[in-house]
Number of protein chains: 2
Amino acid sequence: MASQTEENYLKALFNLANEQGEISATDLSSILQVSTPTVNSMVRNLSEQGLVNYEKYKPISLTAKGKREAALVIRKHRLTEMYLVEKMGFGWEMVHEIAEQIEHIKSPVFFDRMDELLGHPTVDPHGSPIPDKNGKIIWKAYQKLSDCKPGDTVKLSALTHSSEDFLIFLNSKKLNLGVHIKIESIEKYDGSMTISYLKKHREVISNVVCEKLLVEKVKS
Amino acid sequence: MASQTEENYLKALFNLANEQGEISATDLSSILQVSTPTVNSMVRNLSEQGLVNYEKYKPISLTAKGKREAALVIRKHRLTEMYLVEKMGFGWEMVHEIAEQIEHIKSPVFFDRMDELLGHPTVDPHGSPIPDKNGKIIWKAYQKLSDCKPGDTVKLSALTHSSEDFLIFLNSKKLNLGVHIKIESIEKYDGSMTISYLKKHREVISNVVCEKLLVEKVKS
DNA sequence: TTAACTTGTTAGACTAATCTAACTTTATAA
DNA sequence: TTATAAAGTTAGATTAGTCTAACAAGTTAA
Ligand SMILES: [Mn+2]
Ligand SMILES: [Mn+2]
Ligand SMILES: [Mn+2]
Ligand SMILES: [Mn+2]
């Protein structure tokens with residue numbers, strides 16, 4: 001069974017692959033906060049276990065088996081986050097750190113029970129999809145708020161990044177998942193948007209923020 | 001902060017001290033399933049941290065600081081077991097293994113939240129006391145069922161040992177904590193007891209079992 | 001197309017936690 | 001009271017995961 005460290009490498013590889021395609025030792029090194037020689041030796045180890053494709057000086061990738069393993073760790077992480085929010089009353093900005101540890105618990109029944117108590121959720125508290133028990137992920141086709149036009153009404157459904165700082169910022173603006181947002185206008189100069197939501201709440205949000213908000217068109 | 005391994009040693013030391021007083025390297029070795037040289041080097045390490053009193057060839061003991069640390073790990077273990085039973089619906093025979101892992105999660109708020117959701121419980125699902133946030137334990141003065149007399153009516157309140165096998169045995173006899181037991185008779189020869197409980201349920205249980213059941217006198 | 005920079009790899013070392021083999025101290029019992 | 005057994009310690013090795021320093025390969029840009 002994969003160690004805690006190995007599971008963290010698999011997750012990092014999986015996430016990087018979905019953000020960039022090509023993965024370098026340097027990327028892993030900066031995400032996992034370890035030196036490149038450390039990455040190098042772990043990648044060789046994972047490669048020997050058939051989880052990673054490795055050839056000297058070539059970009060790193062997960063094998064099919066590695067992808068599945070990674071997705072199952074991510075499943076545990078996201079189920080945990082959902083459980084912490086829904087059943088234990090934690091805020092969405094607090095759960096990542098705890099889930100980072102609990103995801104490594106070796107007990108299938110524990111995660112199965114969470115899944116059951118939650119009613120088999122398909123997304124985590126940040127809107128990211130929860131892989132199924134076979135490691136399969138259903139990616140929903142969201143668009144960035146920054147790609148929407150004035151007059152559009154959309155539902156906030158997920159985030160591209162969910163750092164604690166960003167989540168606390170969203171809390172302060174009462175921008176929770178599920179909120180319906182009307183785009184009033186877009187400033188040409190810097191792409192900042194004036195939006196309204198929740199009984200005429202009106203805010204101006206920067207392009208940096210709009211880029212991180214994933215939305216669905218609302219049929220109305 | 002104490003590593004997972006260190007925390008497990010502290011717990012073992014704490015439990016052994018409450019069962020035997022004097023602790024030997026061999027005891028730790030057999031409980032933790034590691035060799036005596038391994039125990040030796042870890043005990044020296046804990047001693048350097050001021051958690052254990054160690055002198056060559058002398059029995060091992062926890063310092064005040066070590067006792068406190070140990071009790072706080074046991075607190076996390078028992079809160080977790082209680083949470084798993086009360087909030088997640090696990091049987092009392094399933095929770096020890098999972099708690100053995102979750103007890104090492106580094107997140108005070110996580111355990112505080114469990115404690116709060118459970119309403120600050122004082123005992124775990126096996127009747128063992130949960131140390132408070134300062135590591136203080138209140139030991140209740142239970143007696144063994146095997147020390148009771150025919151005619152006594154008692155409440156089953158705790159267990160001296162809670163191996164999975166024993167818990168499954170108790171399940172099969174419907175002997176749960178809180179059950180009121182009337183001692184009908186005791187067989188002189190082997191100390192086995194005929195007891196009745198739960199609407200005239202009548203059973204003969206061996207002395208081996210009676211020795212492991214902790215009860216309180218019922219005033220009636 | 002070659003020099004300079006960036007990225008990746010190798011070599012060698014370290015720490016925590018473990019082991020086995022060998023030795024020393026303490027306990028037991030003839 | 002001394003020989004034997006049991007318990008504890010030391011020495012030295014191993015594995016996973018990490019590091020730094022040095023070197024090699026690949027990329028970029030003059
Ligand atoms: Mn997360
Ligand atoms: Mn993790
Ligand atoms: Mn337990
Ligand atoms: Mn443990």
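All chains are named by letter (A, B, ...) in the order of the sequence lines, taking the proteins before the strands, and each is independently numbered beginning at 1. Excluded from the calculations below are hydrogen atoms, water molecules and symmetry mates; all remaining heavy atoms, backbone and side chain alike, are included.
Checked for salt-bridge contact, A:R113 and A:E116 meet the test: a charged N lies under 4.0 Å from a carboxylate O.
Proximity of the aromatic rings of A:H161 and A:H126 is defined here by a centroid distance below 6.0 angstrom, and this criterion is not met.
Summarising the geometry, the separation between CG on B:D27 and P on D:dA7 is reported as 10 Å, rounded to the nearest angstrom. With rounding to whole Å, A:L32 atom CG is found 12 Å from D:dG17 atom P. If you measure from atom OH of A:Y54 to atom C1' of C:dG8, you get 7 Å, rounded to the nearest angstrom. Nucleotide C:dT9 holds its C1' atom 15 Å from the CD atom of A:E55, rounded to whole Å. Here C:dT7 presents its C1' atom at 11 Å from CG of A:N40, a figure rounded to the nearest Å.
Contact between B:P131 and B:R75 at its shortest, heavy atoms only, is O-NH1, 2.9 Å. Between B:K87 and A:L117 the shortest heavy-atom distance is O-CD1, 4.0 Å.
Checking B:D124 against B:W92 by side-chain atom types alone, no donor-acceptor pair falls below 3.5 Å.
In terms of phosphate contacts, B:K56 brings no side-chain nitrogen or oxygen within less than 4.0 Å of OP1 or OP2 of C:dT26. For A:K58 and D:dG26, the shortest distance from a side-chain N or O to OP1 or OP2 is not below 4.0 Å.
The neighbour count for B:E22 CD, taken as heavy atoms of other residues, nucleotides or ligands under 6.0 Å away, does not exceed 12.
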Checklist outcome for this item: Given protein heavy atoms under 4.0 Å, the one-letter contact record of nucleotides 14-25 of chain C, with B base, S sugar-phosphate only and - none, is simply ---SBBBB---S
